[in-house]
Amino acid sequence: MSAIEIHDLHKSFGTTIALDGLDLVVQPGQIAGFLGPNGSGKSTTIRVLLGLLRPDSGTVRLLDGDPWSDAVALHRRLAYVPGDVSLWPNLTGGEAIDLMGRLHGGLDPARRAELLQRFELDPSKKARTYSKGNRQKVALVAALACDAELLVLDEPTSGLDPLMEAVFTEYLREAKAAGQSVLLSSHIMSEVEKVCDTVTIIRSGRAVESGTLADLRHLTRSSVTAVVDGDAGSLATLPGVHDLVTTVDASGTRVAFDVDNDDMSPVLTALGTMGVLTFTANPPSLEELFLRHYGDELAAAGVPEPTASASARAPETNDTGDEAAR
Amino acid sequence: MTTLVERGPAPTAPPARLADELAGTWLLLRFMLRRDRVRLGVWTASVVGLWLYVAVEFTAMYAEPAARAERATLMRTPASVLMTGPGYGLDDYTIGAMCANEMVLWIVICLSVMSILEVVRHTRAEEESSRSELVRAAVVGRHAPAFAAMALVVVANLVIAALSALVLVTVGHLAVFDTVVMVGGSALTVLVFAAVAVVACQLTAHARGASGLAVGVLGLMALVRGAGDMRREHGSALSWASPIAWTQQTRAFVDVRAWPLVLPVVAVVVLVVVAVVLAGHRDFGAGMFADRRGRASAHQALRSPLALAWRQQRTALAWWTLGTVLMWLATGTYVKDVGPVLEDMVAQNPVIGQVIGEKDMTDAYVSLIMLYAALAAVGYGISAVLRARAEEAAGRTEYVLAGPVGRGRWLSAQLVVAGAGAGALMVAEGLALGTGAYLVGAHDPSLGTYALAAVVYLPAVAVVLGVAAALLGWMPRWTGASWAFLVLAFVVGMFGDAFHLPDAVQHVSPLRWVPRVPVEDVSWLPVAGLCVVAAVLFAGAFAGFRRRDIPVV
Ligand SMILES: Nc1ncnc2c1ncn2[C@@H]1O[C@H](COP(=O)(O)OP(=O)(O)OP(=O)(O)O)[C@@H](O)[C@H]1O
Ligand SMILES: [Mg+2]
């Protein structure tokens, strides 16, 4: 049994096609990352899973039930954090947390207190006076405080500061240890990379990539830099080598390139014949993967596709990449 | 309790120049005009259309002097005075005098509601949504949104006044100067209430509260005018306390005088200055009162969608109840005067006594106020159902439904609170009217009759809420259109007979089917029919809400 199983899901709003044959599986006890550009259909998928939107076609199973017809029974077993948390303006954060907890059948006061303290949230402020991040925390505390089999999180950290993000990540690990399953939609690569077992990348309403992180890495390139003694010209002719840059200086020939992971061994053999002085290889970051899948979209928007190595090394480009994806 | 926050500008801050504070007003005004072109177009067409209808109908219906004299006689009754004007020109009731006496009140109320909603929509509502944070961060002065909104309603009211005058002069063949004084005076009075809205927007941090406050002032002023005019023909000192009297006291088409129109101009200037001063003493996005801290954990009772809906709506219900109860309590104290006024009138003109008996007059007065009370209850009910729509649009419905809460349970919580609130409000209004009468010793009709008169309206109120709920269930984007039903009920109730509206139109208004106790006896058939219609509408609402996507935005 899977926690979530979606097959060939279609959903359109009038003429807008939001989901166009989506497949998504979340195994029990796993944390599944759900990535995709703006408007690719992540929130729509989550709303279908919650029985809020009625699918046009396709099969959707949630905790072995039908999300539309068994909504109430299923919702007892899951907790949800919306992407854009809107709270009742005249209720305090504490009241909202208690209300959501009681709807779920009660929450553990000790757990609630611990979460409030860890997230540094003041529960006695009126919701309308909370900042965006604090509203997000209210929903997170409410979700984490009730003991659910499945957490459905739609960009749960979009307003959190890095410290709070770290606290959140810790709780996710704890949830996994406790056997909870998680669907985590996010634009924050490092977060997904840190905690997710599997990743699904969605684009224009269909899954373009999915699998474990290791699987996905296998599909992509590593970036390699090395300083060699001999002539590095032959590297350019090897299959799977991209973006080769060669600079010659006193210490030797510095080469930097990306290589498809499947073609790694012939490249290493070739390097071995050149007399390697220094060597570093970086595994592809999820971000590179992501950017590769968004590549033509970014190009269409006039953003030059960052070379894999540049985006992996320079933290500034990380940020702009993030912005572009948002 | 709320605390008053002192937030004067820091002593070192250089005083801002007025030109700076108003920077961007012109740009904002153009943007507002563009954003509201349809909305303002509908208002303009409705009001000008109403004048056109009046000009044509009155001329046709009251061509004979005898018909006009009969109408004038009717206009002398207290119930009529309450819903018309001070009664200038009743001795020689020309078409012009008829327009001034009977229409100005409603035109002013209608346009004031429009102007209040426009002002709040472009100032406080924007501020609340933080959209105007974006705007103010651009080169736009502190007072620019308020001044632009005020300019917007000035432009709208001037255009409406000009078109109305054109219609009345060309189609109704009314005297030009009197017409200009009448419609111009109406526009000026409307601007007073727009300025009241600007002040209200400085006082409360919430759009809903600001429009409620301003509309409350409007209602109070309408009542003060009515009470003042019922006291004495052509108005008493009390009448002059209300801006609505200022325009009615120009005596257009009788013995026209323009000087009372100085009063609204002064009032607008004073109110705008007050608003500017208040605005200088508050932070962006804040009201005059700081938000209190609240409970760190929820009360035991807050554990269901019903409790949540009640918590969301109870404040609004309390204000509506307070406002209407005070209003009808005061109105009720006039029940006793209805008889003596009639005696005076009979002494002057014995014919009146043959037309209407004293008992009839008191009853007519009571049943008219009951109709007003029902309109208020319907208004509250629609606004309460629209809260459910607002919850959905804000994403909170989605959040609750993602918990183990069924759609039916959520919707019924919202509708129960809206419906029970509207029902309780209706009964409270009826009892308040009766209590007012009892307080001054008028024991006929009995308190039970007042209660009955209110209760028979409940099925009709339920039908209107059912329409709003059905829209919410099937066509959520159109839920706001349920206001049209209130307008229809109002027009049919107030003018249905005077305008000879076709039966087909009149019968669409659920309130029309309600037996008008105490004038009429209760006939249970229409009441039962309304109950059935309401039940069908609510069942339809649930069916629609269960099968549609949420949220529809
Ligand atoms: N209620 C709706 N009516 C019409 N179109 C909608 C509705 N909800 C979503 N869409 C459209 O469906 C598409 C998918 O939207 P969705 O919100 O699922 O994207 P997302 O992946 O969550 O994006 P983001 O990363 O920005 O949150 C978008 O094109 C959006 O405009
Ligand atoms: Mg989204």
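We use all heavy atoms of the structure for the numbers below, so side chains are in, but hydrogens, waters and symmetry mates are not.
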Of the backbone (N, CA, C, O) and the side chain (C-beta and beyond), which part of [X] lies under 4.5 Å from a heavy atom of chain B, both, or neither?
X	result
Arg54(A)	both
Ala142(A)	side chain
Arg112(A)	side chain

Any side-chain to backbone donor/acceptor pair from Arg76(A) onto Gly403(B)? Under 3.5 Å, distance only.
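Side chain of Arg76(A) to backbone of Gly403(B), a donor-acceptor pair under 3.5 Å: no, none is there.
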Largest heavy-atom contact set with chain B, pairs under 4.5 Å, which of Val48(A), Val85(A), Leu74(A), Leu87(A)
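When all of Val48(A), Val85(A), Leu74(A), Leu87(A) are compared, Leu87(A) has the most.
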With chain B, which of Arg77(A), Lys125(A), Lys11(A) has the greatest number of heavy-atom pairs at distances under 4.5 Å?
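Highest number of heavy-atom pairs under 4.5 Å: Lys11(A).
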Residue pair [X] / [Y], side-chain heavy-atom distance below 4.5 Å:
X	Y	result
His104(A)	Pro404(B)	yes
Arg128(A)	His206(B)	yes
Gln312(B)	Leu91(A)	yes
His75(A)	Val405(B)	no

Distance from [X] atom [atom1] to [Y] atom [atom2], nearest 0.5 Å?
X	Y	atom1	atom2	value
Asn90(A)	Arg314(B)	CG	CZ	7.5 Å
Glu391(B)	Ser86(A)	CD	OG	7.5 Å
Leu52(A)	Thr397(B)	CG	OG1	9.5 Å
Arg293(B)	Lys126(A)	CZ	NZ	11.0 Å
Gln300(B)	Arg102(A)	CD	CZ	5.0 Å
Leu103(A)	Ser304(B)	CG	OG	7.5 Å

Do Thr92(A) and Arg295(B) have side-chain atoms, one donor and one acceptor, less than 3.5 Å apart?
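Note: Thr92(A) and Arg295(B) side chains miss the donor-acceptor criterion.
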Verdict with reasoning, Leu308(B) to Leu99(A), per side-chain contact (heavy atoms from CB on, under 4.5 Å)
CA-CA 8 Å; Leu308(B) 177 64; Leu99(A) 173 70; 3.6 Å; yes
Please output the residues of residues 536-553 of chain B in contact with chain A, using a heavy-atom cutoff of under 4.5 Å, in numerical order.
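Listed by number, the contacting residues are Arg546(B), Arg547(B), Arg548(B), Asp549(B), Ile550(B), Pro551(B).
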Glu398(B) vs Tyr80(A), test: side-chain contact (heavy atoms from CB on, under 4.5 Å). Steps then yes/no.
CA-CA 10 Å; Glu398(B) 172 186 344; Tyr80(A) 167 57; 2.6 Å; yes
Answer yes or no: does atom CG of Asp122(A) have more than 12 heavy-atom neighbours from other residues, nucleotides or ligands under 6.0 Å?
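Result for CG/Asp122(A): enclosed.
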Trp483(B) atom CH2, over 12 foreign heavy atoms within 6.0 Å:
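Check passes, neighbour count above 12.
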Could you report the tightest heavy-atom contact between Pro89(A) and Arg396(B), atom names first, then the distance?
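The pair with the smallest heavy-atom distance is CD-NH1, 3.8 Å.
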Can you see which heavy atom on Pro123(A) is nearest to which on Ala296(B), and at what distance?
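Of all heavy-atom pairs spanning Pro123(A) and Ala296(B), the closest is CB-O, 3.6 Å.
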